[in-house]
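Counting starts at 1 for both ligands and their atoms, following the listed order.
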Amino acid sequence: MKKDKVLLTGGTGFIGSHTAVELIQAGYEVEILDNLYNSKITALDNIEKITGVRPKFYEVDIRDGDALAKVFAEGNFDTVIHFAGLKAVAESVEKPLTYYEVNIGGTINLLECMQEFGVHKIIFSSSATVYGEPDSPLCVENLPVGRNLANPYGRTKYFIEEILRDVAISDPEFKVTILRYFNPIGAHASGLLGEDPNDKPNNLMPIVMKVAAGEIPELSIFGNDYDTPDGTCIRDYIHVVDLAKGHVAAVEKIGDVEQVQVYNLGTGRGLSVMEIVKAFSKASGMALPHKIVGRRAGDLAALCADPSHAEEMLGWKTELTIDDAMRDTLNYLEKQGVKIK
Ligand code: NAD
Ligand code: WQD
């Protein structure tokens, strides 16, 4: 049977580029739309080096409804994976309207185009952040979402989930898969793709990478007085290639499952910030400089996925370890010409 033609919005970004590789390698036709706000066009060269296929690329902003419509008029897509958006939590507090405009306004434009051009399947990049402050640190998909969300970024993800549910109610043909990612890290084993934000990094691993490269003197660990075994916060760090494979499984299944599906994509195992520091130090042979500073506002002590629904329904589970993620991160840095200090 012919495989779906898939449009990846935000497909030159960190998770999108790895997903493009896995989809192409699984036999899918992939096209990419991105405005290159937080990614580089060289991602396309690297996708081509890995797979032998250069996806068709549209340099388009999802806020531009007319430009989006032209893409859909040309594309004849079966499925859309919607990665495009802004994701810097602190920035979303400073510029809430920009986050609502890009993430929510952009998604509405995209959904309008899908309706106009008869594209009925969408997979959306949601986030563990929609669980807010869950009663249990182990998140299952049917926990309440949208309560006590700490920032506008998180609210955009929650609101988009709700918008998608409303569109599904209005159109029985419409199929929605919501993927709630936990903490993606790592890089492609080739060293050609990885996390390379255009702006200053916000997440733990990109900051660790800058410390290793000597661009930031030391990692500030936000608090060691949490109720966790070593006092530092616990998160579910998932290798980006495992995450990308989760998207392939979601594309394969979206036509056959109930209209709206929600899956956690995580490992089910939590690691503390200190364990991340140790894993990086072990892999690199350098003692990563770090110091303990005060807690960061809005951080939870522990958050971890229960990924059993994805395993049951998608036949997907993570395969790579934290040591794999650290090895691949270091390989990526080396290929970028970064010398570990
Ligand atoms: P990323 O920034 O690397 O990728 C997002 C891509 O969207 C970038 O290439 C960027 O240029 C593009 N983009 C931004 N604004 C755009 C616009 N107006 N029009 C077109 N393209 C635009 O981020 P990522 O880590 O790959 O995240 C992908 C998705 O997954 C995002 O929606 C993010 O919110 C979500 N997510 C990420 C994480 C994480 O920790 N990385 C966790 C949970 C959810
Ligand atoms: C991880 C851990 C920090 C930086 C965020 C979003 C979430 C999702 C993933 C998009 C925490 C600690 C960090 C530093 C530190 N993104 N840390 N020093 O906060 O779990 O989740 O990214 O959807 O929505 O909220 O990820 O990478 O910022 O932090 O000690 O300099 O590292 O306290 O425990 P977080 P993170």
Does [X] reach ligand 1 with a nitrogen or oxygen that is under 3.5 Å from one of the ligand's nitrogen or oxygen atoms?
{"X": "S39", "result": "yes"}
{"X": "D61", "result": "yes"}
{"X": "N35", "result": "yes"}
{"X": "I15", "result": "yes"}
{"X": "D34", "result": "yes"}

Distance filter under 4.0 Å to [X] heavy atoms, resulting ligand 1 atoms:
{"X": "S125", "value": "29 (C), 30 (O), 32 (O), 35 (C)"}
{"X": "S126", "value": "43 (C), 44 (C)"}
{"X": "V60", "value": "19 (N), 20 (C)"}

(message) Go through it in stages, so that I can follow the logic: the residues are F182 and Y237, the test is ring-ring contact (aromatic ring centres under 6.0 Å, His included), and I'd like the CA-CA distance, side-chain angles, deciding distance and then a yes or no.
(response) CA-CA 7 Å; F182 281 66; Y237 295 93; over 10 Å; no

Protein heavy atom at shortest distance from [atom]:
{"atom": "atom 27 (O) of ligand 2", "value": "L204 N, 2.7 Å"}
{"atom": "atom 26 (O) of ligand 2", "value": "N183 ND2, 3.2 Å"}
{"atom": "atom 22 (O) of ligand 2", "value": "N203 ND2, 2.8 Å"}
{"atom": "atom 33 (O) of ligand 2", "value": "D299 OD2, 2.5 Å"}
{"atom": "atom 4 (C) of ligand 2", "value": "F222 CE1, 3.5 Å"}
{"atom": "atom 34 (O) of ligand 2", "value": "C233 CB, 3.0 Å"}

Would you please determine whether [X] falls within less than 4.0 Å of ligand 1 on a heavy-atom basis?
{"X": "A128", "answer": "no"}
{"X": "K157", "answer": "yes"}
{"X": "P184", "answer": "yes"}

(request) Go through the steps for T321 and D323 under the test side chain to side chain donor-acceptor pair (under 3.5 Å), then give the verdict. (result) CA-CA 5 Å; T321 64; D323 292 335; 4.9 Å; no

Distance under 4.0 Å to a non-hydrogen atom of [X]: what atoms of ligand 2 satisfy this?
{"X": "S127", "value": "7 (C), 8 (C), 10 (C), 23 (O), 24 (O)"}
{"X": "V273", "value": "12 (C), 30 (O), 32 (O), 34 (O)"}
{"X": "L219", "value": "14 (C), 18 (N), 31 (O)"}

(message) Please work out, at 4.0 Å between heavy atoms, whether the side chain, the backbone, both, or neither of L36 comes within that distance of ligand 1.
(response)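 Near ligand 1, L36 shows its backbone, while the atoms from C-beta on stay back.
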
(request) Check N103 against ligand 1 and report side chain, backbone, both or neither, counting heavy atoms closer than 4.0 Å. (result)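 Contact part for N103 vs ligand 1: neither.
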
Run the contact test for [X] against ligand 2 with a 4.0 Å cut-off on heavy atoms, strictly below, and give the result.
{"X": "Y237", "result": "yes"}
{"X": "R296", "result": "yes"}
{"X": "Y153", "result": "yes"}

In terms of the angle between their ring planes, are [X] and [Y] parallel, tilted or perpendicular, with boundaries placed at 30° and 60°?
{"X": "Y99", "Y": "Y153", "answer": "perpendicular"}
{"X": "F83", "Y": "Y181", "answer": "tilted"}
{"X": "H82", "Y": "F124", "answer": "tilted"}

(message) Could you work out, for atom 30 (O) of ligand 1, the closest of F182, Y181, Y58, F83 by heavy-atom distance?
(response)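 It is Y181 whose heavy atom sits nearest to atom 30 (O) of ligand 1.
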
(request) Pick, from T156, V89, I15, T129, the option with the minimum heavy-atom distance to atom 6 (C) of ligand 2. (result)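 The residue whose heavy atom sits nearest atom 6 (C) of ligand 2 is V89.
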
(message) Within a 6.0 Å radius of atom CG on D135, are there more than 12 heavy atoms belonging to other residues, nucleotides or ligands?
(response)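 Atom CG in D135 is not crowded, with 12 or fewer foreign heavy atoms closer than 6.0 Å.
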
